[in-house]
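This report concerns only the one structure given below.
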There are 2 protein chains.
Amino acid sequence: MKHEDSPHTHHNHNDCIDTALDTAEILCAQQGQRLTKVRRRALELIWESHRPLGAYQLLAKLAEEGFNSAPPTVYRALDFLLGAGLIHKVESMNAYLGCAHADKAHKGYFLICDECHNVMEFDYQDIHAALIEKATHQGFELRAETIELTGLCAKCKAKPAGASA
Amino acid sequence: MKHEDSPHTHHNHNDCIDTALDTAEILCAQQGQRLTKVRRRALELIWESHRPLGAYQLLAKLAEEGFNSAPPTVYRALDFLLGAGLIHKVESMNAYLGCAHADKAHKGYFLICDECHNVMEFDYQDIHAALIEKATHQGFELRAETIELTGLCAKCKAKPAGASA
DNA sequence: TATAATTTTGTTATGATATAACAACTAAAA
DNA sequence: TTTTAGTTGTTATATCATAACAAAATTATA
């Protein structure tokens, strides 16, 4: 169970980004996938944001850097990154988040703060196992899991309401 | 653990609708909420659909019946029904589903078939408890849970691919 | 290396989902 | 009955996402 730190936990986020990008390069190479300039930069920008990034926010950043500014550009990059397991989509926010352990098969489980909108990814094998069992028991063949828990994070709980981090 | 039947399990769906509407009337009355014509009819239409209904699909049905056909009409009704716990939003589909046990505080856990798009609501106290514990352990105060499992339902698994129910 | 096949990107247009803002109306409370 | 609160009408627009086809770049094959 790694990377359960809040985005605000003290750590050098640049290291996270570097590691994520290195992992991405390796994974793509292994799978014969091409991590092109725009895909690589999109991944980097998603990681540079501490919070899930909307497609059009990402598009704006890419456009600033001279990439094409039409929506298909960003959605293609997102599709690629999602397919490669390098990012997750947070369904309840329509936003995208770097995946901290793309190298391991896993599910994206998230704790989302209603107040500051920070998102913490967590992994929970017990829950995964229980869900698999539940689904199987209903004759259902599980393909994907969307688990998004919303509420108040520890930081925001300690703060007066409205003062988002 | 009720109402785990597939929408295609043999049962008289009209009874479900009637029960849901009766429950809605009672709940709204108890809470001093007004289940107006458009809200009531929206709820009914959502229930009449065996699958989650998109906002604009619902809007079209309401418009056919003489209700105002501008988007705010339907989104207001949906907001009201969501707030009252009478429906759920399936985030991964951007669609809305009648809640089968609005009278009990509960979470919306769903099994969603990729093939036929039918959705089965389920309730799972063990998972709920585990998630609460997990969140609390992180200092997180849980407010809502979105659990959407996608895959292949028993019916579709038994069928040749493409032949959606 | 040429050329064919495949993948990626550019471009225009549009579809799908959702909300802001303010006016008009209606039901409930004072 | 007048106020108040809640609901609905209306117009406009914001936000999220994809279709379709052309052009370019990369990779594979002859």
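In what follows, chains carry the letters A, B, and so on, assigned in the order in which the sequence lines appear, proteins first and then strands, with residues in each chain numbered from 1. Keep in mind that the numbers below use all heavy atoms, side chains included, and drop hydrogens, waters and symmetry copies. On a predicted model such as this, the values are computed, not experimentally measured, just so you know.
The distance from atom CD of B:Gln31 to atom C1' of D:dG6 is 16 Å, rounded to the nearest whole Å. Counting to the nearest Å, the C1' atom of C:dT8 and the CZ atom of A:Phe80 are 11 Å from each other. Rounded to whole angstrom, the span from the CG atom of A:Leu35 across to the P atom of C:dT7 amounts to 17 Å. Look at CG on A:Leu81: it is 12 Å from P on C:dT8, rounded to the nearest Å. The separation between B:Lys37 atom NZ and C:dC25 atom P is 17 Å, rounded to whole Å. Between A:Arg34 atom CZ and D:dA24 atom P there is a gap of 17 Å when expressed in whole angstrom units. Per the geometry, CG belonging to A:Leu58 stands 12 Å off P belonging to D:dA17, to the nearest Å. Straight-line distance from the CZ atom of A:Arg41 to the P atom of C:dT9: 16 Å, rounded to whole Å.
A donor-acceptor contact closer than 3.5 angstrom is absent between the side chains of A:Glu91 and B:Ser92. Residues B:Glu145 and B:Tyr109 bring a donor and an acceptor atom of their side chains to less than 3.5 Å of each other.
Here the straight-line distance linking atom OG of A:Ser49 with atom CD of A:Glu44 works out to 13.0 Å at 0.5 Å rounding.
Aromatic ring orientation, B:His13 versus B:Trp47: tilted (interplanar angle from 30° to 60°).
When the side-chain nitrogen and oxygen atoms of A:Arg39 are compared with OP1 and OP2 of C:dT9, one or more of them lie within a distance under 4.0 Å.
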Letter by letter from the 5' end, nucleotides 12-23 of chain C scores (B base, S sugar-phosphate only, - none; protein heavy atoms under 4.0 Å) B----BBBBB--
Got a list of side-chain donor-acceptor pairs under 3.5 Å for residues 72-83 of chain B, not counting sequence neighbours?
| residue | atom | partner | partner atom | Å |
| --- | --- | --- | --- | --- |
| B:Thr73 | OG1 | B:Asn68 | ND2 | 3.2 |
| B:Thr73 | OG1 | B:Ala70 | O | 3.3 |

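Dense packing is recorded around CD of B:Glu48, with more than 12 heavy atoms of other residues, nucleotides or ligands lying under 6.0 Å away.
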